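Please read the structure below before turning to the comments.
Nothing here was measured: the structure is a model prediction, and the numbers come from that model.
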Amino acid sequence: MFAFAITATGLLYVYWRMHIAPFLPLQKALAATFKDSRPRVEGGQRKIHKGTPRILRVTMKIDFDPNADEARTTAFANRVVAFVREHQDLAPWEILEIHFYWPEPEKELHEWVLERSLNDGVPAAK
């Protein structure tokens, strides 16, 4: 049991170092700039297969319904995209995904997604 615990802890540490640690500076910068946003930054591919696009995904909590005012949400998303461009090298990535969510108190979770192709600046197809 003790050996299993040590092995599991070691695997979690390796996972953290390989998948989460490279994005901590951006995640901390987002948290400092956008208070109470609980940002999560992840990078990778949808599937392990070669040829799938490399995606940088930013997920943030916002304080308004993202589906209620499309113009406000898009403006906020553009602000986040500009911030990410300043703080992260986007050269290795093909798609930037911005995910917003707003947990309506005592009700449902409202979500909104923007996918932007980093190759040519046009929105990416899902």
Side-chain angles (χ1 to χ4, degrees):
M1 199 60 122
F2 188 68
F4 175 73
I6 290 174
T7 302
T9 302
L11 289 173
L12 284 173
Y13 177 77
V14 168
Y15 171 80
W16 183 80
R17 293 295 294 169
M18 292 180 67
H19 294 286
I20 297 173
F23 307 109
L24 276 180
L26 175 59
Q27 193 166 306
K28 287 180 180 181
L30 284 165
T33 303
F34 302 100
K35 299 294 182 199
D36 299 322
S37 65
R38 299 181 196 156
R40 174 73 184 234
V41 181
E42 302 169 306
Q45 296 174 297
R46 285 195 175 103
K47 301 205 183 247
I48 303 298
H49 305 291
K50 291 182 180 180
T52 58
R54 294 186 41 82
I55 301 170
L56 180 66
R57 179 178 296 122
V58 177
T59 305
M60 297 174 61
K61 176 183 168 282
I62 57 176
D63 60 355
F64 60 92
D65 182 357
N67 300 309
D69 186 356
E70 189 75 22
R72 179 181 180 192
T73 306
T74 302
F76 189 71
N78 289 334
R79 186 172 157 213
V80 171
V81 168
F83 185 86
V84 169
R85 285 185 188 277
E86 288 177 19
H87 290 84
Q88 181 76 33
D89 176 23
L90 297 179
W93 308 104
E94 297 172 51
I95 295 176
L96 174 63
E97 285 185 1
I98 304 294
H99 293 253
F100 293 142
Y101 68 94
W102 177 62
E104 186 175 6
E106 304 294 326
K107 294 191 179 172
E108 63 185 282
L109 186 72
H110 299 271
E111 300 175 273
W112 186 89
V113 178
L114 168 75
E115 273 194 23
R116 184 163 293 170
S117 172
L118 297 173
N119 294 335
D120 52 10
V122 298
K126 268 194 163 179

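Considering all non-hydrogen atoms of both residues, D89 and P92 come closest at O-CD, 3.6 Å. For the pair G43 and W93, the tightest heavy-atom approach, listed with the atom from each and the gap, is CA-CH2, 3.6 Å. Closest of all the heavy-atom pairs between F23 and V41 is CB-CG1, 3.6 Å. Considering every non-hydrogen atom in both P25 and A21, the closest pair reads CD-O, 3.9 Å.
Partners of H87 under the side-chain hydrogen bond (donor to acceptor under 3.5 Å, both in side chains) rule, at least two apart in sequence or in another chain, do not exist in this structure. Remark: E108 engages no residue in a side-chain hydrogen bond (donor to acceptor under 3.5 Å, both in side chains) (not counting sequence neighbours). The side-chain hydrogen bond (donor to acceptor under 3.5 Å, both in side chains) test applied to W102 returns no partner, not counting sequence neighbours. Residues forming a side-chain hydrogen bond (donor to acceptor under 3.5 Å, both in side chains) with D69 (at least two apart in sequence, or on another chain): none. Among residues two or more places apart in sequence or in another chain, the side chain to side chain contact (heavy atoms under 4.5 Å, CB included) test is passed with E106 by none. Partners of E86 under the side chain to side chain contact (heavy atoms under 4.5 Å, CB included) rule, at least two apart in sequence or in another chain, do not exist in this structure. By the side chain to side chain contact (heavy atoms under 4.5 Å, CB included) test, P53 is found to be paired with R46, E94, I95, residues two or more places apart in sequence or in another chain being considered.
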List, one per line, each side-chain donor-acceptor pair under 3.5 Å for residues 60-67, sequence neighbours excluded.
| residue | atom | partner | partner atom | Å |
| --- | --- | --- | --- | --- |
| D65 | OD1 | N67 | N | 3.0 |
| N67 | ND2 | E111 | O | 3.3 |

Kindly list each side-chain donor-acceptor pair under 3.5 angstrom involving residues 29-40, sequence neighbours excluded, with atom names and distances?
| residue | atom | partner | partner atom | Å |
| --- | --- | --- | --- | --- |
| T33 | OG1 | A29 | O | 3.0 |
| K35 | NZ | A32 | O | 3.1 |
| S37 | OG | F34 | O | 2.8 |

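Annotation for Y15: hydrophobic cluster partners, listed by chain and number, are W16, I20, L24 (ILVMFWY side-chain heavy atoms under 4.5 Å, direct or chained). Membership of the apolar cluster around L109 extends to Y101, as traced through chained side-chain contacts below 4.5 Å between ILVMFWY residues.
Atoms CG and CG, from N78 and L114 in turn, are 7.0 Å apart once rounded to the nearest 0.5 Å. Remark: L118 CG to R54 CZ distance equals 11.5 Å, nearest 0.5 Å.
Considering F83, F100, W112 as possible partners of F76, the one that fulfils the ring pair (Phe, Tyr, Trp, His ring centres under 6.0 Å) test is F100.
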